[in-house]
Amino acid sequence: MDYNFTAIEQKWQKYWEDNKSFHAENDYSKPKFYALVEFPYPSGQGLHIGHPRPYTAMDIVARKRRLEGYNVLFPMGWDAFGLPTENYAIKNKIHPAIVTEKNVARFKGQLKALGLSFDWDREINTTDPDYFKWTQWIFLQMFKKGLAYKKEMNVNWCTSCKVVLANEEVVQGKCERCGGEVVHKVKSQWMLKITEYAQRLLDDLSEVNYLEKIKATQTNWIGRSTGAEVDFGTTTGDKLTVYTTRPDTLFGATYMVIAPEHPNIEKWADLLTNMDEIRAYQELAAKKSDFDRTEMNKDKTGVELKGVKAINPVNGKEIPIFISDYVLMTYGTGAIMAVPAHDTRDYEFAKVFNLPIIEVVKGGDVTKEAFTDCATGIMTNSGFLDGLSVEDAKIKIKEWLEETGKGKSKVNYKLRDWVFSRQRYWGEPIPVVYCEKCGWVALPESELPLKLPDVESYMPTDNGESPLATLESFINTTCPCCGGPAKRETDTMPQWAGSSWYYLRYCDPHNKDAIASKEALDYWMPVDWYNGGMEHTTLHLLYSRFWHKFLYDEGVVGTKEPYMKRTSHGMILGEDGQKMSKSRGNVINPDDVIKTYGADTLRLYEMFIGDFEKTAPWSPSSIKGCKRFLDRVWGLQDIITEGDGYRKPLEASFHKTIKKVSEDIESLKFNTAIASLMALINEIYAQGSITKGEFKTFITLLNPFAPHITEEMYNTVFGEVLSKQQWVAYDENLCVDESVEIVVQINGKVRAKLTVPAGIDKDKQIELAMADPSVKSQIEGKTIVKQIAVPGKLVNIVVK
RNA sequence: GCCGGAGUGGCGAAAUGGCAGACGCGACGGACUCAAAAUCCGUUAUUGGCAACAAUGUGUGGGUUCAAGUCCCAUCUCCGGUACCA
C-alpha cells in the first residue's frame, strides 16, 4: 500500500506554485490573518532538521485559516547579513553577496520541498538594497529624534586576531575563532536608546497574548526596580549620589563603594594619598574580561580611597569610601551605600575589610550572616525609623529625603541601551557622516540606500575598524549640511537591525516609496500569531517591539504592538538527547528524510514527536510509525463506498475528532490532534469501509498536516483541489456516543463497570450501580455513608 | 543565588480533580510466505495467580478530598535562562 510520495509531492508543489495557491490577496475587505515565523539566517549548512518544526506548525495554522475563509498572509524571507557568511567570505576570498545568494537558493529549495504554504511573491532579503534602504531610513528617523547617539564603550577585543568581537564570539573568555585572549577595549559606538521605551515595553505586555514565560523573561530582562537616590556628602564638599532599593536601611550604611571607573576618582586625585594603589586596582579591573569578573565572584577585592570620606546624610557620620569591581558603572549611579547587615555582597566585603556591621532590621543574626529576607521585619538602631515596619520605613525615609532635599524616589531598569555598531563589512552601512564643523550629520533620504562598496578584503583592520575604513573613496564625502569635507561612518549595523521591522515589509514588499503603504499596514497589522524560538525573547523580540513603538510614535504604523500572540517551540535534539552538532555526529539532514519518507511524513513526525513547546529527541524508528499511518491513509482509497453522511457507529467519533483536531491546532497540541486521527483511522479500518462523506472529512482534517497526499487523494476522488475547499464543522450534540461505560467505585476503588445510556442523570446512574449484582454483593452488610455520581463518568459509593 | 520549566511503562508520550499509561515506537506470539521483508491480527506498567481476580504504581515525605499525576506544604534531581543590577 506504499504510495509514490516523491511524485505526488513534486506534482502538488508545482501546482501550488503555478497557481499561486497561497497568494495573500490585497483585498482589504476580507477578514485577514497574519501568521508569522522567524525568517532564517541562510547558513552554508542548509536547513536544519529543527527548522521545519515551527514552520510546519504555523503552516498548519495558516492552511486551516485559509480553509476557514480567511485571507492569510504567511510570508518568508532571509535574515542574510551576519558573521558566518562574512567569515566564509574572508576565508575563501569571495563576495558575501555571492555566498548569500547561493545559500538562499539552497534554503528556498529545501523549504519548498517541505510543502510550506508561503506566499513566495512576498519574499524579502535583508541584504537587498531595496530592503535595507528602509532599515537605514528607520535608523535616520531615530537619529533625528535623538534616539541614536555615539558613546565610548567597552568592546571585546581579541589580542591575537586584533579584531573586535561580538559577545557571541567570546566563549569562556577566549576568542571563538583562534582561542586567543579577549580583553576590553574602549571604542566609540553607536547606541540606540531602548531604555527610553523601558516602561512602555513593560506596561504593554499586558495588552498582548504572549506565553507567560515569554512575558516573565522580558519583564526580568527589563528589570524594573523602585527605590531612591540618596546624596551622600563628602569631606571634599562634593556629593556622591547612590541608588538603593533599600533606603529604609540608611542608618546601617557603614561605608560606600564606587565603581573603579567612577569619575570622582579623577576629581579627587590630588587629595588621595594612595593613588598608586588605586591606579593599580583600576588597571586590573579594566583588564578583566566579563568572564574573569564573574569568576572572581567569591572573593571581594577593593581599595579604600584614603584622604576622602563620605558623610551619611541621615546621621552625619563619616564613613570610608572604597573602589571595588563588584560595583558596576553601568547600573544605577555607579556608587552604592553599603549596608553589610542586610546585603550579602556588602557583608562579604565588610568581613574582608573588617568594617562595622550595624543591624537595622530585627529578626536575623547579623553576627553570622547578612539578614536579607527581612521584608516583614521591624526597624532598629535607626533613629526616627525605629519601631516601624520595613514597608512604612521606606515611605517615611523617602518623605524625609524629599523634604530635606537629600534624595528622591527613583525607578531603575536593568535594561541597557542597545550597542548598534559593528566593525564589520557584511551589514547595513550606518548612513551618517562626520563633519568637523557640523558634527554627526544624517544623509539625506535621497541618498538612500547607502550601498556597501566593494573592498579588497573583508577582514577588519589592525586597529579594529571596519574594512570600510580602508576605502578612501568611500570615507571621503561632503557634508550634506555645510558642503564642506566630511567622513562617512564606517561601522555597520548589527544583524538584529534588519529583523527588527521585517514583518512590516511583508505587508507590501515591493513598495518603492515607503516601508509599506498605509492601507497595507492598516489592514495586515498587527501580526496575529508569531511563533519563534525562546532564545530570541530578550533580543529580537524586544528590539522589534522597541522599533515598532518608535514607528508608532512617528505615525508610520497604527498599532502599539507588532505581535498579538507569541508562542515558542522546543528544540529538536539528536537521537542521543544531545544538541545536534557535527562533532557529536548526531545531525539529521532533512533532505535525507524527505528522500526516504517524503515531506508529509517528516511534517507529520515533527508534529507528533511530543509537546510542541518542549525539546524532543529525534527518533529514527518513530518516524516509521508516521509513514505507516500515511500508508494506511493512502489505503483508504481501496475501501471507499458511496454515501454522504457519517454512518451510525462512526458518527460520534467523527464529530469528536473534528472537534479535537480543530481545538488542538489552536492550542499547538498537534501531537494529540494526530493521535486522534490515528485512532479514527483504526476505527474506520475496523468497519472495513469508508463512505465518500467520511473520506472527505478525514482527508480535510489531515490536510494541514500532510498537504500533498491529501490533495492527491481528494483530487482523485472528487476531481477538485482540496486547498480551495472548506474546513469541516462538527455538532457538539453529536459528539456523544449513544451509550457510555461508567465505573462504579466502592470507597474510591473501581469494583465494576457498567454501560449506561448517554445523558443519564445522577439518580438513575446511582440506581443502576446499586442494582449491579457484583456491587450488591460487595456492599452487603455495610452502611452506606455517601453516594457520589458524575453523569457519564462514575459512581462512587462510600461504605463503612 | 534568582527567574522559568520538567520528573509518569523498555522508549517518545497522553490524561477540564473522576477508570493512569490514549496514540506511536519497540518487544513477544500468530497469519500470509519456500523463506525474508512488507502487511494484517493479538499480547504488552509491576508483582502474585492456570484463571476470574487481587495488591502495588505518576521523583520523595506529608496534607486537603468521597476521589489527587492533577490542588496545598515541604523536599530532592534534571534542563533552560540570567547573574556581584545595589
Side-chain angles (χ1 to χ4, degrees), chain A residues 1-2 211-217 219-221 223-225 227 242-247 249 253 256-257 259 290 293-294 296-298 300 324-328 330-339 342-346 348-349 372 412-416 534-535 537-538 570-571 573 575 577 604-605 608-611 613-626 628-629 631-632 635 660 669 671-682 685-686 741-753 785-799:
Chain A
M1 266 197 287
D2 278 21
L211 290 181
E212 275 311 313
K213 63 176 173 181
I214 295 175
K215 285 191 188 185
T217 304
T219 302
N220 290 339
W221 188 261
R224 184 183 199 268
S225 70
V242 302
Y243 171 72
T244 176
T245 56
R246 295 296 306 277
T249 61
M256 294 184 81
V257 187
D290 288 339
R293 264 173 105 139
T294 46
M296 305 276 295
N297 234 337
K298 310 271 169 342
K300 291 280 178 288
S324 175
D325 61 7
Y326 86 86
V327 173
L328 309 175
T330 46
Y331 184 78
T333 61
I336 62 154
M337 63 177 212
V339 185
H342 303 285
D343 182 282
T344 319
R345 295 152 302 165
D346 297 346
E348 285 168 15
F349 192 88
T372 55
N412 237 320
Y413 303 89
K414 287 188 201 172
L415 186 68
R416 294 184 202 166
M534 265 321 271
E535 71 275 17
T537 304
T538 54
M571 239 192 315
L573 303 174
E575 201 184 340
L604 199 70
Y605 175 61
F608 187 62
I609 196 166
D611 189 330
E613 289 176 30
K614 300 208 184 85
T615 56
W618 183 266
S619 163
S621 56
S622 288
I623 192 169
K624 285 186 204 155
C626 290
R628 236 174 253 168
F629 170 67
D631 286 337
R632 278 161 71 77
K660 179 87 181 139
K669 289 163 82 175
N671 52 339
T672 49
I674 294 166
S676 70
L677 287 168
M678 287 174 168
L680 183 58
I681 205 170
N682 290 344
Y685 271 107
E741 192 181 57
I742 63 160
V743 293
V744 182
Q745 299 179 332
I746 296 170
N747 289 345
K749 303 226 170 195
V750 180
R751 295 298 179 200
K753 295 186 180 185
V785 182
K786 206 169 181 180
Q787 291 165 317
I788 295 120
V790 181
K793 285 265 163 67
L794 59 47
V795 173
N796 189 11
I797 302 160
V798 185
V799 296

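Note on naming: letters A, B, ... go to the chains in the order of the sequence lines (proteins, then strands), and numbering restarts at 1 for each one.
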So which nucleotide does [N] pair with, by the Watson-Crick or G-U wobble rule with both distances under 3.5 Å?
| N | result |
| --- | --- |
| B:rU46 | B:rA55 |
| B:rG1 | B:rU82 |
| B:rA15 | none |

Expressed in whole Å, how much space separates the [atom1] atoms belonging to [N] and [M]?
| N | M | atom1 | answer |
| --- | --- | --- | --- |
| B:rC19 | B:rG69 | C1' | 14 Å |
| B:rC11 | B:rA27 | C1' | 11 Å |
| B:rA86 | B:rA13 | P | 38 Å |
| B:rC76 | B:rG61 | P | 15 Å |
| B:rU44 | B:rG10 | C1' | 11 Å |
| B:rC41 | B:rC25 | P | 12 Å |
| B:rG7 | B:rG59 | P | 8 Å |
| B:rA20 | B:rU46 | C1' | 14 Å |

Exercise for the section: List the atom of A:T244, the atom of A:M337, and the distance in Å for their closest heavy-atom pair. Expected result: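 The answer is OG1-CE, 3.9 Å.
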Exercise for the section: Would you name the heavy atoms of A:Y413 and A:Y331 that are closest together and state the gap between them? Expected result: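 In this case the closest contact between A:Y413 and A:Y331 is O-CE1, 3.5 Å.
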Which residues pass the side-chain hydrogen bond (donor to acceptor under 3.5 Å, both in side chains) test with [X], not counting sequence neighbours?
| X | answer |
| --- | --- |
| A:K614 | A:D611 |
| A:Y605 | none |
| A:R628 | none |
| A:T537 | none |

Exercise for the section: Spell out, as yes or no, whether a donor-acceptor pair under 3.5 Å connects the side chain of A:T672 to the backbone of A:A675. Expected result: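 It does not hold such a pair.
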Practice task
Without swapping roles, check the side chain of A:N747 against the backbone of A:V799 for a donor-acceptor pair under 3.5 Å.
Solution key: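 Here the side-chain-to-backbone pair exists.
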NA contact type, [X], heavy-atom cut-off 4.0 Å: base, sugar-phosphate, or nothing?
| X | result |
| --- | --- |
| A:N747 | nothing |
| A:K749 | sugar-phosphate |
| A:R416 | base |

Practice task
Applying ring pair (Phe, Tyr, Trp, His ring centres under 6.0 Å), name anything that partners A:F608, two or more places apart in sequence or on another chain.
Solution key: none
Exercise for the section: Kindly write out the residues that satisfy ring pair (Phe, Tyr, Trp, His ring centres under 6.0 Å) with A:W221, not counting sequence neighbours, or none if the list is empty. Expected result: none
Problem - Along RNA chain B (nearest heavy atom to each residue), the more 5'-positioned of A:I336 and A:R751 - result: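 The 5'-side residue here is A:R751.
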Exercise for the section: Return the 5'-most residue of the pair A:V798, A:K414 with respect to RNA chain B, ranking by each residue's nearest nucleotide. Expected result: A:V798
Just the atom pairs and distances: protein N or O near nucleotides 22-26 of chain B's N or O, under 3.5 Å.
residue: B:rG24; atom: OP1; partner: A:N682; partner atom: ND2; Å: 3.3
residue: B:rC25; atom: OP1; partner: A:R628; partner atom: NH1; Å: 2.7
residue: B:rC25; atom: O2'; partner: A:S621; partner atom: OG; Å: 2.9
residue: B:rG26; atom: OP2; partner: A:R628; partner atom: NH1; Å: 3.4

Rounded to the nearest angstrom, tell me the gap between atom [atom1] in [X] and atom [atom2] in [N].
| X | N | atom1 | atom2 | value |
| --- | --- | --- | --- | --- |
| A:I609 | B:rC11 | CD1 | C1' | 13 Å |
| A:L573 | B:rG12 | CG | P | 12 Å |
| A:I214 | B:rU82 | CD1 | C1' | 17 Å |
| A:Y685 | B:rU39 | OH | P | 12 Å |
| A:Y331 | B:rA83 | OH | P | 14 Å |
| A:I746 | B:rC53 | CD1 | P | 14 Å |

Problem - Side-chain N,O (A:R224) to OP1/OP2 (B:rC85) below 4.0 Å - result: no
Handout entry: Glycosidic class, syn or anti, of B:rG26 using a 90° window around 0
Key = anti
Please produce a list of atom pairs where a protein N or O lies less than 3.5 Å from an N or O of nucleotides 2-7 of chain B.
residue: B:rC3; atom: O2'; partner: A:N220; partner atom: ND2; Å: 2.8

Under 3.5 Å, which N/O atoms of the protein pair with N/O atoms of nucleotides 16-20 of chain B?
residue: B:rC19; atom: O2; partner: A:K753; partner atom: NZ; Å: 2.7

Taking salt bridge (charged side-chain N to carboxylate O under 4.0 Å, His left out) as the test, write out the residues that go with [X], two or more places apart.
| X | value |
| --- | --- |
| A:K660 | A:D664 |
| A:R345 | A:D343 |
| A:K414 | none |

